[in-house]
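The structure appears right after this line, and notes come after that.
No hydrogens, no waters, no symmetry mates; every other heavy atom, side chains included, goes into these values.
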Amino acid sequence: MRALVTGGNRGIGAAIADGLAALGINVTIGVRDPSAVTSRHSVIPLDLEEPEARHLPETSFDILINNAGVLYDRPLLADPEGYRRSMAV
């Protein structure tokens, strides 16, 4: 089995990726900045704020964990553009 975990390079996403790997699942993580990854999992660049990034390369996954998210330093509803970007991801 193959799994894709978006935002899998840290926090909850990294824990999910590690947990899936411990179950014998081949894990790929999708991240905005592949150069910052210290994980042992396969990595694909995936910036979900960019609409064209939502089309994955010719590959298939059995499991998809949509963990990616963005968080801004201001109230979400006070910034319409920040809200739109957060919801898009």
Side-chain angles (χ1 to χ4, degrees):
M1 291 193 97
R2 296 190 65 215
L4 171 62
V5 180
T6 65
N9 57 319
R10 59 187 164 153
I12 293 170
I16 291 170
D18 291 344
L20 291 170
L23 295 173
I25 296 170
N26 182 347
V27 176
T28 299
I29 58 173
V31 301
R32 280 187 279 178
D33 182 8
S35 68
V37 174
T38 59
S39 172
R40 61 185 166 88
H41 307 296
S42 300
V43 176
I44 59 171
L46 188 62
D47 184 350
L48 294 174
E49 286 190 72
E50 301 298 327
E52 62 276 1
R54 296 181 190 134
H55 301 283
L56 294 174
E58 293 291 324
T59 189
S60 63
F61 295 97
D62 304 295
I63 301 168
L64 172 61
I65 306 293
N66 285 317
N67 174 72
V70 292
L71 183 61
Y72 298 99
D73 60 354
R74 55 198 170 275
L76 190 62
L77 296 178
D79 178 9
E81 179 58 18
Y83 176 82
R84 186 200 64 74
R85 292 174 71 189
S86 293
M87 294 301 109
V89 169

* Asked: Which residues pass the side-chain hydrogen bond (donor to acceptor under 3.5 Å, both in side chains) test with D79, sequence neighbours left out?
  ->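 D79 satisfies side-chain hydrogen bond (donor to acceptor under 3.5 Å, both in side chains) with R74 once adjacent residues are dropped.
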[X]: what forms a side-chain contact (heavy atoms from CB on, under 4.5 Å) with it, not counting sequence neighbours?
{"X": "I12", "result": "I16, N67"}
{"X": "A15", "result": "none"}
{"X": "A68", "result": "T6, L48, V89"}

* Considering all heavy atoms of both residues, which atom of V43 and which atom of P34 are nearest to each other, and what is their separation? ->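 Smallest interatomic distance, heavy atoms only, reads CG1-CB, 3.9 Å.
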* **Shortest non-hydrogen contact between E49 and V70, atoms and distance** =>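 In this case the closest contact between E49 and V70 is OE2-CG1, 3.6 Å.
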* To do: Taking salt bridge (Lys or Arg N to Asp or Glu O under 4.0 Å) as the test, write out the residues that go with R2, two or more places apart.
  => none
* To do: Check whether any side-chain heavy atom of I29 sits under 4.5 Å from a side-chain heavy atom of S39, and report yes or no.
  =>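 The answer is yes; the side chains approach within 4.5 Å.
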* Asked: Are any of the side-chain heavy atoms of I65 and L4 separated by less than 4.5 Å?
  -> no
Same cluster or not: are [X] and [Y] linked, directly or through other Ile, Leu, Val, Met, Phe, Trp or Tyr residues, by side-chain heavy atoms under 4.5 angstrom apart?
{"X": "I44", "Y": "L64", "value": "yes"}
{"X": "I63", "Y": "V5", "value": "yes"}
{"X": "M1", "Y": "F61", "value": "no"}

* Qualifying side-chain hydrogen bond (donor to acceptor under 3.5 Å, both in side chains) pairs with a residue from residues 18-34, counting only residues at least two apart or across chains ->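 Sorted pair list: D18-H41, D33-S35.
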